[in-house]
Q: 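Before anything else, here's the structure in question.
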Amino acid sequence: MGARKIIIDTDPGQDDAVAILLALASPDEIDLLGLTCVAGNVPLSLTSKNARMVCELAGRPDVKIFAGCNRPLGRDLVTAEHVHGRSGLDGPSLPDPVMPLQPGHAVDFIIETLQREAPGTVTLCPIGPLTNIATAFHRAPDIIGRVQEIVLMGGAYFQVGNITPAAEFNIHVDPQAAKIVFDAGVPLVVMPLDVTHKALVTKPRNDAFRALGNKVGIAVAQMTEFFERYDREKYGSEGAPLHDPCVTAYLVRPELFSGRHINVEIETTSELTMGMTVADWWGVTDRAPNALFIGDLDADGFFNLLTERLARL
């Protein structure tokens, strides 16, 4: 079938970095057309810097990287330095990037790419707030029907919220954007906390990254060691969940994941539950399904894939 053409929309973030590295290490399955950066885990100036640092770490300064929206559609920006550190990529000591950002805006790149490529051949992979994607859909609604699929990390149901009691971070940062995307009618695959919290970087799994002995493996081990301190204290888990790599792993090995095709609505009016993904897991409403909501994964298979691919870089 050939490699799947994708755009990764991202706010790196250590787990974003691992998701990008997995995509770059999987050229037989993934044709990465570009990275579009958005404000989220840290402000846009840092997410666009971090994306370039990750590509240079992988030896891929040829990747096209665009800076996008620097704030949510209708709310003040909420960031997560308390999880990811002041740089968003604390842990390893990576050099400042040499490769430039591409000229132009990320939203324009998304629009132009979808208008240029054949309909149904480009998958959008948002692993941060959905501001860039929603803005592109608003500015150029003709592209909505041209998207092959959206595979995103965001939301929660059984795991409830990680930034508020009801909401997962990516959706909470820009719930208005999330509502636009979830209501667009594009085939949608959602990686919520329900599945990502099963992708835990235990000590043996992190030791396996470090044992690769290459720059990428060592850097990934340092990244996960940094941000796991927060999750271990918060959840009492044996390691940090690797949220965003679930998106790229799904593109490479979809059989590792399972879920249900259900209706998912985004709460945008109640401050108490703002950004909640109201997932009709049990089919108790008559609302039409709009998303494949992933609930489980083969964690050992996931980490075996990740370790095997990072060894290639």
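For the single chain, residues carry numbers from 1 onward in sequence order.
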Q: Are Leu130 and Tyr157 joined in one hydrophobic group, where the rule is that I, L, V, M, F, W and Y side chains link up if heavy atoms are under 4.5 Å apart?
A: yes
Q: Give the ring-plane orientation class for His243 versus His197, where under 30° counts as parallel, over 60° as perpendicular and anything between as tilted.
A: tilted
Q: Enumerate the salt bridge (charged side-chain N to carboxylate O under 4.0 Å, His left out) contacts for residues 122-146, please, sequence neighbours excluded, ordered by first and then second residue.
A: Asp108-Arg139
Q: Tell me whether Ile127 shares a hydrophobic cluster with Leu305, the cluster being built from Ile, Leu, Val, Met, Phe, Trp, Tyr side chains joined at under 4.5 Å.
A: yes
Q: Mind checking the OH-CG spacing from Tyr250 to Leu152? Nearest 0.5 Å is all I need.
A: 11.5 Å
Q: Please, which pairs that meet salt bridge (charged side-chain N to carboxylate O under 4.0 Å, His left out) have at least one residue in residues 285-296, sequence neighbours excluded?
A: Lys198-Asp296
Q: Identify whether Val189 and Ile6 are in the same connected component of the hydrophobic contact network (ILVMFWY, side-chain heavy atoms under 4.5 Å).
A: yes
Q: For a side chain to side chain contact (heavy atoms under 4.5 Å, CB included) check, start with the C-alpha distance between Thr196 and Met153, then their side-chain angles and the critical distance, and finish with the verdict.
A: CA-CA 9 Å; Thr196 67; Met153 189 278 135; 4.2 Å; yes
Q: What residue among Asn41, Thr79, Asn50 forms side-chain hydrogen bond (donor to acceptor under 3.5 Å, both in side chains) with His84?
A: Asn41
Q: Give the intermediate values and the outcome of side chain to side chain contact (heavy atoms under 4.5 Å, CB included) for residues Cys69 and His105.
A: CA-CA 8 Å; Cys69 297; His105 196 281; 4.0 Å; yes
Q: Give a yes or no on whether His138 atom NE2 has more than 12 heavy-atom contacts from other residues, nucleotides or ligands under 6.0 Å away.
A: no
Q: Looking at Glu29 and Arg309, is there a salt bridge between them, counting it only when a charged N and a carboxylate O are closer than 4.0 Å?
A: yes
Q: Apply the test side chain to side chain contact (heavy atoms under 4.5 Å, CB included) to residues Leu292 and Arg260: give CA-CA distance (whole Å), side-chain angles for both, the deciding distance (0.1 Å), then the verdict.
A: CA-CA 5 Å; Leu292 176 60; Arg260 293 185 186 181; 5.6 Å; no
Q: Sorted by first residue and then second, give each side chain to side chain donor-acceptor pair (under 3.5 Å) pair with at least one member in residues 185-195; sequence neighbours left out.
A: none
Q: Ignoring hydrogens and angles, state whether a donor on the side chain of Gln14 or Asp16 is under 3.5 Å from an acceptor on the partner side chain.
A: no
Q: In this structure, would Ile30 and Leu22 fall into the same cluster of hydrophobic residues linked by side-chain contacts under 4.5 Å?
A: yes
Q: Check the pair Leu242 / Phe303 against side chain to side chain contact (heavy atoms under 4.5 Å, CB included), numbers first and verdict last.
A: CA-CA 10 Å; Leu242 274 183; Phe303 280 98; 3.9 Å; yes
